[in-house]
Amino acid sequence: FILIILGIVVSVYAGILNRIQKAYIDRDFEKLEKLILKSIEKDTLNPGARYYYSVLFLDTTFNRFSIDSSSFFIEQSLEDYNQSGAEIYDDLADVGLTIDQLTRQRGLVAARAFHRADTTNQISGWKDFMERFSYSELLDQAIYNRDSLAYEDASEEHTWEAYKAYFETYPNSSFVS
């Protein structure tokens, strides 16, 4: 009896994820968001719905496009995934979602955040990227870009105090020899 109930719950979860996927494919963002919120309301441990919320917020055609929101929801999705069990993993796999897909989305979010920092090209933007996306394969490039801008600032000021401040602030910089 318990197995039958679990089977129904699992198939209901897969069913709503299928409807979420269809709404995304159809580009019906209003319906998509309603389905995601309904799914999260029903089951707070919900890696699939949170994954799709991340995907939605990273879609530039969504009127509330937000790298930060996308980042929040993919991190929540990964957290939920790690707290889930075999039934949820199987259900996610049935709709094509695996840990690899969640990790790939996380990488896409980081790449968009890197692009945002690169577009503004400010020390503060690089620092923000480094703090929030420390797992990213783009971290070393972000550190170099931050250090480069800071060194450029010190060079433009061209005083011993400016260089001293740079060396003290960025002692591991590739510009410190």
Side-chain angles (χ1 to χ4, degrees), residues 1-120 124-143:
F1 179 71
I2 292 174
L3 290 176
I4 293 171
I5 291 173
L6 280 176
I8 291 169
V9 170
V10 168
S11 66
V12 167
Y13 182 64
I16 196 158
L17 289 179
N18 281 325
R19 291 181 20 230
I20 287 170
Q21 282 181 331
K22 183 176 180 342
Y24 184 73
I25 291 167
D26 293 345
R27 313 301 284 166
D28 188 347
F29 294 151
E30 188 177 327
K31 180 178 181 180
L32 173 61
E33 190 167 24
K34 284 179 184 175
L35 287 169
I36 289 169
L37 292 172
K38 181 179 175 182
S39 182
I40 291 171
E41 184 181 309
K42 283 186 175 186
D43 186 3
T44 56
L45 188 65
N46 200 326
R50 283 180 171 67
Y51 164 81
Y52 279 107
Y53 223 1
S54 174
V55 169
L56 178 61
F57 276 110
L58 202 60
D59 191 316
T60 56
T61 61
F62 180 52
N63 65 353
R64 292 192 344 260
F65 167 81
S66 170
I67 295 168
D68 298 331
S69 294
S70 183
S71 176
F72 173 80
F73 283 108
I74 196 58
E75 293 302 325
Q76 289 293 305
S77 176
L78 287 162
E79 223 174 272
D80 285 1
Y81 186 89
N82 289 330
Q83 293 176 21
S84 297
E87 299 88 16
I88 295 293
Y89 299 155
D90 291 343
D91 230 18
L92 291 169
D94 287 347
V95 295
L97 290 179
T98 63
I99 189 64
D100 292 340
Q101 190 72 20
L102 301 181
T103 304
R104 198 173 2 250
Q105 174 67 11
R106 190 181 195 215
L108 289 172
V109 172
R112 283 279 176 91
F114 183 90
H115 178 71
R116 176 178 62 189
D118 196 38
T119 300
T120 59
S124 60
W126 291 117
K127 284 182 179 179
D128 180 61
F129 176 85
M130 291 162 46
E131 288 171 12
R132 298 178 65 208
F133 300 94
S134 60
Y135 61 84
S136 174
E137 63 187 30
L138 298 167
L139 182 63
D140 289 341
Q141 183 63 47
I143 291 168

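Excluded from the calculations below are hydrogen atoms, water molecules and symmetry mates; all remaining heavy atoms, backbone and side chain alike, are included.
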So, [X] side chain and [Y] main chain: donor-acceptor pair closer than 3.5 Å or not?
X     : Y     : result
Arg50 : Asp80 : no
Tyr24 : Leu32 : no
Asp91 : Glu87 : no
Tyr81 : Thr98 : no

Closest non-hydrogen atom pair, [X] against [Y]:
X     : Y      : answer
Asn46 : Ser39  : ND2-OG, 2.7 Å
Gly48 : Leu97  : CA-CD1, 4.0 Å
Val95 : Gln21  : O-NE2, 2.6 Å
Leu17 : Ala49  : CD2-N, 3.8 Å
Ser71 : Phe133 : OG-CE2, 3.7 Å

ask   = Below 4.0 angstrom, N of the basic side chain to O of the carboxylate: do Arg116 and Asp68 qualify?
value = yes
ask   = Can Lys127 and Glu131 be counted as an ion pair, charged N to O under 4.0 angstrom?
value = no
[X] vs [Y] side-chain heavy atoms within contact, under 4.5 Å:
X      : Y     : result
Gln105 : Leu58 : yes
Ser66  : Phe72 : no
Asp59  : Arg27 : yes
Glu79  : Gln76 : yes
Ser54  : Ser77 : no
Ile74  : Val55 : no

key: Step-by-step side chain to side chain contact (heavy atoms under 4.5 Å, CB included) determination, Thr61 to Phe29   = CA-CA 9 Å; Thr61 61; Phe29 294 151; 3.5 Å; yes
query = Have Arg112 and Ser70 got a donor and an acceptor in their side chains that come within less than 3.5 Å?
reply = no
ask   = With no hydrogens and no angle check, do the side chains of Tyr51 and Gln101 hold a donor and an acceptor under 3.5 Å apart?
value = yes
request  = Kindly confirm or rule out a cation-pi arrangement of Arg132 over Phe129, judged by NZ or CZ under 6.0 Å from the six-membered ring centre and within 45° of its axis?
outcome  = no
If you measure from [atom1] on [X] to [atom2] on [Y], what distance do you get to the nearest 0.5 Å?
X      : Y      : atom1 : atom2 : result
Thr120 : Asp128 : OG1   : CG    : 9.0 Å
Tyr135 : Thr103 : OH    : OG1   : 10.0 Å
Ser84  : Asp90  : OG    : CG    : 11.5 Å
Ile67  : His115 : CD1   : NE2   : 8.0 Å
Ser136 : Arg106 : OG    : CZ    : 9.0 Å
Tyr53  : Ile20  : OH    : CD1   : 10.5 Å

task = Decide salt bridge (charged side-chain N to carboxylate O under 4.0 Å, His left out) for Glu33 and Arg64; before the verdict, give the C-alpha distance in whole Å, the side-chain angles of both, and the deciding distance to 0.1 Å.
result = CA-CA 11 Å; Glu33 190 167 24; Arg64 292 192 344 260; 2.5 Å; yes
key: Mutual orientation of the aromatic rings belonging to Phe57 and Phe73 [parallel < 30°, tilted 30-60°, perpendicular > 60°]   = parallel
query = Counting only heavy atoms not in Glu30, do more than 12 sit closer than 6.0 Å to its CD atom?
reply = no
query = Would Ile99 and Tyr89 satisfy side chain to side chain contact (heavy atoms under 4.5 Å, CB included), going step by step from the backbone distance to the final call?
reply = CA-CA 9 Å; Ile99 189 64; Tyr89 299 155; over 6 Å; no
